[in-house]
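Residue numbers start at 1 and run along the sequence shown. Because only heavy atoms are used, hydrogens play no part in the values below, and waters and symmetry mates are left out as well, while side chains stay in.
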Amino acid sequence: MCGEADKKELLLKIPDLEILEIFVTQIREWFRQMVCQDQPQIDSFCRAFRLGDAKAVEEQLEAYLKRTISIRDTGIVIETKYAKDGNLDAGCQAALEQIREKGYEEKLRAEGMKKILDFRIAFF
């Protein structure tokens, strides 16, 4: 599984269906508003996805999240990999290795980030 190497996984338990519906409704509404405000960027992201341009998908997703997620003391690292053989776990592991090799977390800590969230995404 992605993220097991450092055992920093977070699980969210929603106590009942009523609370789940509130979460889903609020997240959908927030996302709908964000998408409507930035339609050209979303169109470009979707086009890159359709074309299989993993680098463009990664760059655009990172740029979009930087604009839309406002967390002052939290750094976000997103690394995507294309799993040519369909092995998504290996793709996530390769993404984790790149995060470590390139020192992305250390750079964010140097910028004052107290908490680092790593997102490793493998596509096939």
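Between Asp53 and Lys55, none of the side-chain N atoms (NZ, or NE/NH1/NH2) sits under 4.0 Å from a carboxylate O, so this pair counts as no salt bridge.
Annotation for Ile76 and Ile78: closest pair CG2-CG1, 3.9 Å, computed over non-hydrogen atoms. Closest approach of Leu88 and Ala83 over heavy atoms only: CD2-CB, 4.0 Å. A pairwise comparison of heavy atoms in Ala56 and Ala48 identifies CB-CB, 3.8 Å as the closest pair.
Residues passing the salt bridge (Lys or Arg N to Asp or Glu O under 4.0 Å) test with Glu79, sequence neighbours excluded: Lys81.
Using a 4.5 Å heavy-atom cutoff, the side chains of Leu96 and Gln98 are not in contact. For the pair Glu105/Leu108, no side-chain contact is recorded, criterion being any heavy-atom separation below 4.5 Å from C-beta on.
A donor-acceptor contact shorter than 3.5 Å is absent between the side chain of Ser44 and the backbone of Pro40.
For the atom pair CZ of Arg47 and CZ of Phe45, the computed distance is 12.0 Å after rounding to the nearest 0.5 Å. Going from atom CD of Glu111 over to atom CD of Glu106 covers 12.0 Å, rounded to the nearest 0.5 Å. In this structure, CZ on Phe119 lies 10.5 Å from CD1 on Ile99, to the nearest 0.5 angstrom. For the atom pair CD1 (Ile116) and NZ (Lys107), the distance works out to 12.5 Å, reported to the nearest 0.5 Å. Between the SG atom in Cys92 and the CD atom in Glu97 there is a gap of 11.5 Å [rounded to 0.5 Å].
Side chain to side chain, Asp89 and Gln93 fail the donor-acceptor criterion of an N or O pair below 3.5 Å. Of the N and O atoms on the side chains of Thr25 and Glu29, not one donor lies less than 3.5 Å from an acceptor on the other residue.
Surrounding CD of Glu18 are at most 12 heavy atoms belonging to other residues, nucleotides or ligands under 6.0 Å away.
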